[in-house]
Amino acid sequence: MGTPDLAAACLRKLVSGSVSNGQSLWKVTGVISQPDKPKGRNLHLQPTPVKAAALELGLECFQPLKAKDPESLEWIRSKNPDLIVVAAYGQILPQSLLDIPRFGCINVHTSLLPKYRGAAPIQWAIWDNCCETGVTLMKMNAGLDTGDILATRCTSITCEDNAETLHDRLAELGGELLVETLPDYFAGKITPRPQPEEGILYARKITKEDGHLNWNLSARELCCRIRALTPWPGAFCFIPEQERKIMLKIWQAEFLEKATSTRPGTILTSETDRLEVACGNGVLRILCLQREGKKRMDVRSFLAGHTLPAGTILE
RNA sequence: CGCGGGGUGGAGCAGUCGGUAGCUCGUCAGGCUCAUAACCUGAAGGUCAGUGGUUCAAGUCCACUCCCCGCAA
């Protein structure tokens, strides 16, 4: 069960890793994903990444409105699963569902639990400037990411990482960990251990408004947020122009530990390939940006055709 | 038919009321300099997204098509 790209990656790994030394270790008998949602410019219905992957792999995909509805449970029972693997499905699963498979439900979660339980663990790890995160496999219970841990795998977060690069890496790791762990789990060699009671953190959903840069913060913090919010929902601010504000997305930036007493949000430097903005503490150098209606581009290209003079105050 | 912006030399943009296409950067050649991503001189490079229409004349006006992007979801 899953919905976005992360889950699709796990599904692919699960299928490609199901055979070892000519022996079939397991078989994916069904896939469950959220219903298709209208997406894109003309609001056409788009299949979820997991559905797309399932169809590609020739697997049956079930898309109930609610996983807890009796018909959904019935469908699952009809498949008679030994195990259900859940990755970013997007709905809370009731105990009655968790109880169906003999080996329970295993969740792939992209953080080192109990840190960052919840909806947006990848983004919050970067937002908080963590230097390390990872994936956790846990045996699900009725709580929100509170199940007992089967296995974990770490990865460090570099200053080059954004939510996209980290997501892709964790998706890869998650799939691998799953394929490596399942045989031992089935063989009873793994004893799930409870999550530590210390260090519990919740990663609430990211909203659009989280992307609005507050220049009073330090350049270092803003940098983290930009990385955490790229590619979605994107970090942005506004250029004041006559009549209306123009939205400016910041895709990539770095911070300079430079003291400045200028009002936060003021553009300090704007020449050929340097665009620097005063922050509450330090200076943010923008490297890659996008004006609304335009394509994403590096500062050099941007400044070749747009005027954004020093002294302009961004909002 | 959800709302809106846009397609102009390699990149990013300007182009007014229709009248032989400009700017910044890059590229190439030459010069200056101990030296340079700096500076000076020169050059190359455009079917103005496509199709049709209006006109003496269309990047510009009209119609349709294709493509890119922001919002929304």
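Protein chains get the first letters and strands the later ones, always in sequence-line order, with residue 1 at the start of each.
A close approach under 4.0 Å does occur between a side-chain nitrogen or oxygen of A/Gln290 and OP1 or OP2 of B/rG70. Contact check, A/His306 against B/rC13: a side-chain N or O comes under 4.0 Å of OP1 or OP2. The phosphate of B/rC71 has OP1 or OP2 within less than 4.0 Å of a side-chain N or O from A/Lys208. Here A/Arg291 does not reach the OP1 or OP2 of B/rG12: none of its side-chain N or O atoms lies under 4.0 Å away. For B/rC71, one of the phosphate oxygens OP1 or OP2 lies less than 4.0 angstrom from a side-chain nitrogen or oxygen of A/Lys249. In terms of phosphate contacts, A/Lys295 brings no side-chain nitrogen or oxygen within less than 4.0 Å of OP1 or OP2 of B/rG12. For B/rC13, one of the phosphate oxygens OP1 or OP2 lies less than 4.0 angstrom from a side-chain nitrogen or oxygen of A/Lys294.
Relative to the side chain of A/Glu292, the nucleotides B/rG70, B/rG6, B/rG2 differ in distance, and B/rG70 lies closest. Closest to the A/Pro38 side chain, of the nucleotides B/rA11, B/rC71, B/rA73, is B/rA73.
Using N1 to N3 plus N6-O4 or O6-N4 for Watson-Crick, or N1-O2 and O6-N3 for G-U wobble, each under 3.5 Å, B/rA49 pairs with B/rU65.
Atom-to-atom, CZ of A/Arg296 to P of B/rA11 comes out at 18 Å; the value is rounded to the nearest Å. Regarding A/Met297, its CE atom lies at a distance of 10 Å from the C1' atom of B/rC69, rounded to whole Å. Look at CE on A/Met247: it is 8 Å from P on B/rA72, rounded to the nearest Å. In this structure, NZ of A/Lys245 is placed 16 Å from P of B/rC71, rounded to the nearest angstrom. Between A/Glu209 atom CD and B/rC71 atom C1' there is a gap of 14 Å when expressed in whole angstrom units. To the nearest angstrom, P of B/rG12 lies 10 Å from CG of A/Asp298. The interatomic distance linking A/Ile250 (CD1) with B/rG70 (C1') rounds to 14 Å, in whole Å. With rounding to whole Å, A/Asp36 atom CG is found 19 Å from B/rA73 atom P.
With hydrogens and angles ignored, the 3.5 Å screen pairs no side-chain donor or acceptor of A/Gln46 with any backbone N or O of A/Pro38. With hydrogens and angles ignored, the 3.5 Å screen pairs no side-chain donor or acceptor of A/Glu292 with any backbone N or O of A/Ile246. Formation of a donor-acceptor pair under 3.5 Å by the A/Ser18 side chain with backbone atoms of A/Val15 is found in this model.
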Enumerate all atom pairs, one protein N or O and one N or O from nucleotides 24-27 of chain B, separated by less than 3.5 Å.
unit_1: B/rU24; atom_1: O2; unit_2: A/Ala304; atom_2: O; d: 3.4

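A salt bridge is absent between A/Arg227 and A/Asp161: the closest approach of a Lys/Arg side-chain nitrogen to an acidic carboxylate oxygen does not fall below 4.0 angstrom. A salt bridge is absent between A/Glu172 and A/Arg169; no separation between the charged side-chain nitrogens and carboxylate oxygens falls under 4.0 Å.
In this structure, a donor-acceptor pair under 3.5 Å is absent between the side chains of A/Asp145 and A/Tyr202.
Residues A/Pro233 and A/Arg41 both approach RNA chain B. Their nearest nucleotides, taken by heavy-atom distance, put A/Arg41 toward the 5′ side.
A 4.5 Å side-chain heavy-atom check between A/Val50 and A/Tyr89 finds every atom pair outside the cut-off.
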Name each donor-acceptor pair under 3.5 Å that joins a side chain in residues 129-140 of chain A to protein atoms two or more places apart or in another chain, with its distance.
unit_1: A/Thr136; atom_1: OG1; unit_2: A/Ser111; atom_2: O; d: 2.5
unit_1: A/Thr136; atom_1: OG1; unit_2: A/Leu113; atom_2: N; d: 3.2

